[in-house]
Amino acid sequence: MPQLRLSKHLPCRPLGVSGRFPPYNRLGKEFAMRSDRCGELTAQDVGRRVRLAGWVHRLRDLGGITFVDLRDASGIVQVLFRDLDQAHQLSREDVVQVEGTVARREAPNPELPTGEVEVEAEGLRVLAQAAPLPFAVDDDVSGTGEETRLKYRFIDLRRPRMQRNLALRHRLCMSVRSFLDRQGFVEVETPVLTRSTPEGARDFLVPCRLVPGTFYALPQSPQLFKQILIASGVERYFQIVRCFRDEDLRADRQPEFTQLDLEMGFLDTPEPLFALLEELMAHVFREAAKIELPTPFPRLTYAEAMASYGSDKPDLRFGMKLVDVSDLFADAGFRVFARAIADGGRVCALCVPGGGDFSRGELNRVEEEAVALGAPGLSWLKRAEEITSPLAKFVGEGVLQGVVERTGAQEGDLVLLSAGPPAALNPAVGELRRRLAHERGLVDTGAWAPAWITDFPLFKAGEGGRLDSEHHPFTAPHEEDLPLLEEDPLRARAKCYDLVLNGVELASGSIRIHRRDVQQQILSLLGIDQEEAERRFGFFLRALEYGAPPHGGIAFGLDRWVMMLAGERTLREVIAFPKTAGGSCPLTGAPAPVDEAQLTELGLTVEGGASTNPDP
RNA sequence: GGGGACGUGGUCUAGGCUGGACAAGGACACCGGAUUGUCACUCCGGAGAUCGCGGGUUCGAAUCCCGUCGUCCCCGCCA
């Protein structure tokens, strides 16, 4: 039986031949086990003696001849075994080393990048055998339940699509780091074992053995640390950092997730930051995904976004703005609308291009949906050759004509009309806008539509008439709104901004308060008195007392960013080892009960005894 | 905390409404055999499931009911 002959010096392929990802600088020594990578062999290699190593992707045993698709990170190449008995013993996903000669194929496979060639094996060594697989390593993920994929994540991640996602994430991080490095940012690590930070979510707690009865909290974000770093003279800080929030999960929410966190000193308006971040975005899209993003990004104030799109994260890949037609209906004779206006509401029109084909039944369904979303009701008009509308019997034709003109409705379009208080009406119609656009195929799914949303309110109404921070308690108010803090705090605007991409909130930030007295005022408005403030974040307030420059920053949801670029539907597809919706990890079996001895050491007892959780 | 969907050999699923020849069918994977140009190789043969778990209804439950656990999606919650 032929054995693998290990040549002493098999020259490695020189640099620059391959354009495949990931290209990397090869040190000769690195290739002790292989001279080439599977996916990189081409017709130019015909006649070369090569040594490969990889996984047996697929086997075709024809008796006297056996084909093996050999796979490594670079791709797949067909290996041909002639009269090599060992080849019959191979199984899928065995790890093998093969030495042989590159030959031109009798029948090329156009489906495969390496399809013109194959490797005629002269020797084979099995490096590791694989047990029967729970699922195949191919890109059709649909044939496997997610729990099974997570339990055998080490197999799942071998799939090209998952490899691509991991690589995309890496490239995104690399391009972020290189860009920010060139802009003078310094990556500084902040503690994971820390105090509760005031983000408003539930904390993950870690019991402290040295002081029984006390707990560290895992950070919901490094917010206070990054501000302290600014006060510490780190003028430009960033960090790609894990954050933890103990809340229920969603397709786009994991209990631990990654932020690109950054902060700049000597910043009192967001303008320089916007310019920098737009360049960062454009750079990252170009480097990581070969997408050109035009800059500058459109900007909308929070008030504009709510009025025109009914959302603080509008999807700008399509139009369909909410159009105010209140004035047209104020005295038009339709009492329902007139009363809504008299009560301080508005009449809002939404043009659905091509919506003229909605049947009466569909319109009823849309109205039900609108009401379920919080709109008081819904009416409509259609522009065909004539304008038709149930409102025609209440208002003059001129009013409906006015609606058509203002919304720009073309022949064949539908205009939905609803009236009510803006706080309820706008989000309802905005959500309707989003749903109808998707249902009707009006969204350009290949487009990238970033936008800045600015000037959020500083506060929102909390439970029992309390004030809550819209962003967080360290957000600076607009100077001209400082008087409002006393008179009408809910009207005060914050120096606060979100970066929205295709209707998804990608990043959120603000100019921070850098004066101790203003900070104290905000905290007291939030119902946090001096004593509590001192107790919870006295360390931070102290930092503001010793010369903190004006500063501001932003934090990106990095997982979401990768998810969008990867075109994935859930965060789990872009995180190597994610949690299920129930917060568990099928791979490791976490969370799991711990030994009684560990609890004792920590001074903890578990009510009702530790729940038993069988090993996975 | 609430709502919805799902749970059947290793994997994915059919069957479930209308309980009875279902000691559960198929595909892929696996095992044995054949096979010298395949590429989702093919052909022949084989093994493998007390239908998530517990209880109930019934002469009889994969199927109906209740509970429970798990997975997924949504609301609440959460930047």
Side-chain angles (χ1 to χ4, degrees), chain A residues 57-70 76-84 87-88 91-93 103 105-112 114-115 118 120 130-152 155-156 197-203 220-221 223 243-255 257 259 261 312-313 372-373 453 456 460 463 468-472 475 496-500 504-510 554-557 559-560 569-570 572 579-584 586 589 611-614 616:
Chain A
H57 187 65
R58 217 166 248 132
L59 278 157
R60 291 178 293 282
D61 184 348
L62 275 63
I65 186 173
T66 298
F67 296 101
V68 167
D69 289 340
L70 191 66
I76 289 173
V77 70
Q78 174 166 287
V79 180
L80 167 60
F81 294 91
R82 274 204 174 86
D83 302 315
L84 196 57
H88 301 298
S91 305
R92 284 185 171 205
E93 296 306 302
R105 281 211 205 182
E106 285 179 19
N109 180 355
E111 304 286 306
L112 214 56
T114 61
E118 64 192 356
E120 284 200 45
L133 299 166
F135 50 85
V137 180
D138 58 38
D139 262 354
D140 185 12
V141 147
S142 62
T144 314
E146 238 194 297
E147 201 181 354
T148 309
R149 292 178 53 204
L150 291 181
K151 181 170 176 185
Y152 298 95
I155 300 172
D156 189 42
T197 44
E199 306 290 316
R202 198 176 293 115
D203 284 317
Q220 297 180 26
S221 80
Q223 181 61 35
C243 303
F244 306 86
R245 290 176 189 168
D246 188 7
E247 297 292 345
D248 288 0
L249 285 77
R250 286 283 194 288
D252 61 352
R253 264 165 34 193
Q254 284 271 310
F257 61 99
Q259 281 188 350
D261 191 42
D312 60 1
K313 43 178 194 288
L373 289 167
I453 311 298
F456 282 74
K460 62 190 170 201
E463 289 163 33
D468 283 339
S469 284
E470 174 72 31
H471 186 59
H472 58 57
T475 302
C496 179
Y497 33 85
D498 280 2
L499 177 55
V500 170
V504 174
E505 180 203 309
L506 189 62
S508 187
S510 62
I554 197 160
F556 287 73
D559 313 270
R560 272 186 200 175
R569 297 174 152 270
T570 86
R572 295 185 294 275
K579 305 283 188 286
T580 68
S584 68
S611 66
T612 47
N613 191 5

Looking only at side-chain atoms of [X], point me to the closest of [options].
X: A:Asp69; options: B:rC78, B:rC39, B:rC72; result: B:rC39
X: A:Ser508; options: B:rG37, B:rA79, B:rC72; result: B:rA79
X: A:Pro134; options: B:rC75, B:rU71, B:rU11; result: B:rU11
X: A:Glu147; options: B:rU71, B:rA79, B:rC73; result: B:rU71
X: A:Pro132; options: B:rC30, B:rA79, B:rU36; result: B:rC30
X: A:Thr144; options: B:rC12, B:rC77, B:rG10; result: B:rC12
X: A:Glu505; options: B:rA79, B:rU71, B:rU36; result: B:rA79
X: A:Arg245; options: B:rC73, B:rC39, B:rA79; result: B:rA79
X: A:Gln259; options: B:rC77, B:rU38, B:rA79; result: B:rA79
X: A:Phe456; options: B:rA79, B:rG37, B:rC12; result: B:rA79

According to the 5.5 Å centroid and 30° plane-angle thresholds, does A:Phe135 stack upon the nucleobase of B:rU11? no

Any non-hydrogen side-chain atom of A:Arg560 less than 4.5 Å from a side-chain atom of A:Val504? yes

Heavy-atom side-chain contact between A:Glu93 and A:Val137 under 4.5 Å: yes

Paired with [N] by Watson-Crick or G-U wobble geometry, both distances under 3.5 Å: which nucleotide is it?
N: B:rG60; answer: none
N: B:rU38; answer: none
N: B:rG16; answer: none
N: B:rA24; answer: none
N: B:rU50; answer: none
N: B:rU71; answer: B:rA5

Looking at [X], I'd like to know whether one of its side-chain N or O atoms comes within less than 4.0 Å of OP1 or OP2 on [N].
X: A:Arg60; N: B:rU38; answer: no
X: A:Arg250; N: B:rC72; answer: no
X: A:Thr148; N: B:rC12; answer: yes
X: A:Ser510; N: B:rA79; answer: no

Separation of [N] [atom2] from [X] [atom1] (nearest whole Å):
X: A:Leu133; N: B:rA29; atom1: CG; atom2: P; result: 11 Å
X: A:Ile65; N: B:rU38; atom1: CD1; atom2: C1'; result: 8 Å
X: A:Gln220; N: B:rC77; atom1: CD; atom2: P; result: 16 Å
X: A:Asp248; N: B:rC73; atom1: CG; atom2: C1'; result: 13 Å
X: A:Phe257; N: B:rA79; atom1: CZ; atom2: P; result: 8 Å
X: A:Glu120; N: B:rG37; atom1: CD; atom2: C1'; result: 11 Å
X: A:Gln78; N: B:rC41; atom1: CD; atom2: C1'; result: 11 Å
X: A:Leu150; N: B:rU11; atom1: CG; atom2: C1'; result: 15 Å

Carboxylate-amine/guanidinium proximity below 4.0 Å for A:Glu146 and A:Arg572: yes

So does A:Arg58 pair up with A:Asp69, basic N to acidic O under 4.0 Å? no

More than 12 heavy atoms of other groups within 6.0 Å of A:Lys313 NZ: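 Not buried by this count: 12 neighbours or fewer within 6.0 Å.
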
Per the atom types in the model, does the base of [N] pair as donor or acceptor with the side chain of [X] at under 3.5 Å?
X: A:Arg569; N: B:rC73; answer: no
X: A:Arg92; N: B:rC28; answer: no
X: A:Arg253; N: B:rC78; answer: yes
X: A:Arg149; N: B:rU11; answer: no
X: A:Glu470; N: B:rA79; answer: yes
X: A:Glu118; N: B:rG37; answer: yes

Interatomic distance at [atom1], [N] relative to [M], whole Å:
N: B:rA14; M: B:rG26; atom1: C1'; value: 7 Å
N: B:rU50; M: B:rC22; atom1: C1'; value: 13 Å
N: B:rG67; M: B:rA5; atom1: P; value: 14 Å
N: B:rG4; M: B:rG48; atom1: P; value: 40 Å
N: B:rC59; M: B:rC12; atom1: P; value: 38 Å
N: B:rC39; M: B:rU63; atom1: C1'; value: 43 Å

Taking the nucleotide of RNA chain B with the nearest heavy atom to each, does A:Leu249 or A:Leu62 sit closer to the 5' end?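 The answer here is A:Leu62.
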
Which residue lies more 5' along RNA chain B, comparing A:Ala555 with A:Glu111 via nearest heavy atoms: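 The residue whose closest nucleotide sits nearer the 5' end is A:Glu111.
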
Test item: A:Arg92 side-chain N/O and A:Leu59 main-chain N/O as donor-acceptor pair under 3.5 Å: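 No.
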
Contact class for [X] vs. all strands (heavy atom < 4.0 Å): base, sugar-phosphate, or nothing?
X: A:Ala251; result: sugar-phosphate
X: A:Asp138; result: nothing
X: A:Leu112; result: nothing
X: A:Gly582; result: sugar-phosphate
X: A:Arg58; result: sugar-phosphate
X: A:His471; result: base
X: A:Gly557; result: nothing
X: A:Ser221; result: nothing
X: A:Ala107; result: base

Any chance you could measure A:Glu505, atom CD, to A:Leu499, atom CG, to the nearest 0.5 Å? 9.0 Å

Heavy-atom pair with the smallest gap, counting every atom of [X] and [Y]:
X: A:Ala581; Y: A:Leu249; value: O-CB, 3.7 Å
X: A:Ala201; Y: A:Gln220; value: O-NE2, 2.7 Å
X: A:Glu111; Y: A:Asn109; value: N-OD1, 2.8 Å

